[in-house]
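Encoded as structure tokens, the structure appears first; notes follow it.
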Amino acid sequence: MSKIIQKVKGTRDFYPEEMAQRQWLISKLRVASEAFGYRQYDGPCLEQIELYAAKSGEELVKEQAFVFDDRGGDPITLRPELTPTISRMVASQQNQLTFPLRWWSFGPFWRYERPQKGRTREFFQWNIDQIGSDSVLADAELLAVAARFFREVGLSSDLVQLRVNDRELMDAELMNLGLDEVQKTAILRLIDRLDKLPIDVWEKMVLEAGLTETQLRGLQGLLENKLLWKNSPRLVQLFDILEDLGESAYVSYDPRIIRGLDYYTGVVFEAHDTKGEFRAILGGGHYADLVADVGGKPTPGVGFAMGDVVIMLILEKYGLLPSRDMDPQALFMTIFDETTQAASLALAAELRQAGFKVLMSEIDRLGKQFRYADRIGMRRVLVLGPSEIEKGLVVVKDLKSGEQVEVERQQLISMLSA
RNA sequence: GUGCCUGUAGCUCAAUGGCAGAGUGCUUCACUGUGGCUGAAGAUGUUGUGGGUUCGACCCCCAUCAGGCACCCCA
């Protein structure tokens, strides 16, 4: 055999077992999204680089996007995120759409990064947004969607938490400390990096940003103040609403959530595993204007994105992924020998007609056929040999329990359906 | 893009410059109408790839590819 060509760095193969898990994940986030009335949409995976022009100074596009020329020489980008796409979609039909929009999406994205655990170059992402609403109800709703998703996959609030903050609150608090605009920007960035740096290094960098010792102490006080949210009317309302929605267990306040320096303006949030073992599961927040970069009427909204990689690692760690076995309802139809093949084929066809999934075997020793059925994770095996045909019976064996019963051919379908 | 660690059978890993191994999985048989358990036998490698040092390299050196960790950034 010739050498197997490697897959592209940072990509993954999805064998049937993994594909089944991906479909399962999609089914769960679909349930969470649709429970709140969100509708699925998608855009192209290929976009013109101009779509990202407004952000072209940012690292995401400049350093991390896959860009190549098409045959006509025009630069094409593999989408690294969905926001510019949805912005275009909203802006170009702004007068026909009824706001607020509740939209969700799941699809592939590409970023040219160094792969490591929880981060690949090709990944899938759940995006969900409520667009055209500036209400704190909308912010709370998105958090409730995320909480519903976690409950749906079996992650309790002991294992994952949605950590929330308010950019306006932080802005005001930093202003109170006497920071100017430049300092505020630098400090917001440093708050984001607090966990990554040794404390003495971090303090040094804060002072280098121009803060006094007093301001540093004040800043540290802010970051340890778990009750700081009480200074934000919006957060007070938010937590009230989440209480009413029955989701407050999943949500907590964290003054250290900043979410970089992107377009978020109000409430921001991230979900993490409570042990802090993994990267952020999802991140999002409130933005003042989705379509600012592409023209159109200012459109606020709130949304979040969740990658498939980290959530699957966490679900795997806690044993919450579904069984990789075949569908337990599927049937394995053995063929005893040449003389009974026709009867087995006919029975299989009849069962498929009745809605069952039926796999057929090759003619071989029954032991081999059972062994194969067992290896591929089949639960139920049917035997239709000469003696069964003679008596009008079918043998049904449950491979998990080892129990085996003889069933009247006429009763087979009702017995299997039970 | 920066720094560091790792790469040996399908999988998990041994072998510290001197004959490439184990467990598990796989194939066959015991078992010609029944998988799992047990027992026996068997197959499997350009030691990621390409160079170099050496009488001799899985082992040391260089490059390269891939994975992982910390940055950067972020899902």
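Residue numbers start from 1 in every chain, and the chains themselves are labelled A, B, ... in the order their sequence lines are given, proteins ahead of strands. Both backbone and side-chain heavy atoms feed into the values below; hydrogens, waters and symmetry mates do not.
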Seminar exercise, completed: Applied to residues 340-351 of chain A, the side-chain hydrogen bond (donor to acceptor under 3.5 Å, both in side chains) test, sequence neighbours excluded, yields Glu350(A)-Arg409(A)
Exercise. Which of residues 400-418 of chain A have a heavy atom under 4.0 Å from RNA chain B?
Worked result: Lys400(A), Gly402(A), Gln404(A)
Output one line per pair: protein atom, nucleotide atom from nucleotides 28-31 of chain B, and distance, for all N/O pairs under 3.5 Å.
| unit_1 | atom_1 | unit_2 | atom_2 | d |
| --- | --- | --- | --- | --- |
| U28(B) | OP1 | Lys368(A) | NZ | 3.4 |
| C29(B) | OP2 | Arg365(A) | NH1 | 3.3 |

Pull out every protein N or O sitting under 3.5 Å from an N or O of nucleotides 3-12 of chain B, one pair per line with the distance.
| unit_1 | atom_1 | unit_2 | atom_2 | d |
| --- | --- | --- | --- | --- |
| C4(B) | N4 | Arg114(A) | NH2 | 3.1 |

For this session: Mind checking side-chain contact (heavy atoms from CB on, under 4.5 Å) for Lys397(A) and listing every partner two or more places apart, or none if nothing turns up?
Result: Phe370(A), Leu399(A), Gln404(A)
Exercise. Does Arg111(A) get its side chain close enough to the base of A75(B), under 3.5 Å, for a donor-acceptor pair?
Worked result: yes
For this session: For Tyr15(A), look at atom OH and say whether over 12 heavy atoms of other residues, nucleotides or ligands are found less than 6.0 Å away.
Result: no
For this session: Return the set of residues passing side-chain contact (heavy atoms from CB on, under 4.5 Å) with Pro44(A) (not counting sequence neighbours), or none when no residue passes.
Result: Glu47(A), Thr85(A), Arg88(A)
For this session: Applying side-chain contact (heavy atoms from CB on, under 4.5 Å), name anything that partners Glu113(A), two or more places apart in sequence or on another chain.
Result: Gln64(A), Arg111(A), Arg119(A)
Problem set entry | Dot-bracket pairing map - RNA chain B, Watson-Crick plus G-U, both contacts under 3.5 Å, | cross-strand | (((((((..((((....[..)))).(((((.......))))).....(((((..]....))))))))))))....
Problem set entry | Distance-only donor-acceptor test, Lys397(A) side-chain atoms vs G35(B) base atoms, 3.5 Å | yes
Please list, one pair per line, the donor and acceptor atoms closer than 3.5 Å that link side chains of residues 204-211 of chain A to other protein atoms, with sequence neighbours excluded.
none

Problem set entry | Residue pairs, two or more places apart or on separate chains, that pass side-chain hydrogen bond (donor to acceptor under 3.5 Å, both in side chains) and touch residues 368-377 of chain A | Ser361(A)-Gln369(A)
Exercise. Is the base of G33(B) touched by the side chain of Ser387(A) through a donor-acceptor pair closer than 3.5 angstrom?
Worked result: yes
Exercise. For Phe123(A) and A75(B), are the ring centres under 5.5 Å apart with planes inclined under 30°?
Worked result: yes
Under 3.5 Å donor-acceptor pairs involving side-chain atoms of residues 32-43 of chain A, not counting sequence neighbours:
| unit_1 | atom_1 | unit_2 | atom_2 | d |
| --- | --- | --- | --- | --- |
| Ser33(A) | OG | Leu29(A) | O | 2.7 |
| Ser33(A) | OG | Trp126(A) | NE1 | 3.2 |
| Glu34(A) | OE2 | Arg30(A) | NH1 | 3.4 |
| Tyr38(A) | OH | Gln130(A) | NE2 | 3.1 |
| Tyr38(A) | OH | Glu141(A) | OE2 | 2.6 |
| Gln40(A) | OE1 | Arg30(A) | NH1 | 3.2 |
| Gln40(A) | OE1 | Arg30(A) | NH2 | 3.3 |
| Asp42(A) | OD1 | Arg79(A) | NH1 | 2.9 |

Is there any protein nitrogen or oxygen under 3.5 Å from a nitrogen or oxygen in nucleotides 64-66 of chain B, and what are the pairs?
| unit_1 | atom_1 | unit_2 | atom_2 | d |
| --- | --- | --- | --- | --- |
| C65(B) | O2' | Gln6(A) | OE1 | 2.9 |
| A66(B) | OP2 | Lys9(A) | NZ | 3.4 |

Seminar exercise, completed: RNA chain B nearest-nucleotide lookup for Gln116(A) and Gly283(A): closer to the 5′ end is Gln116(A)
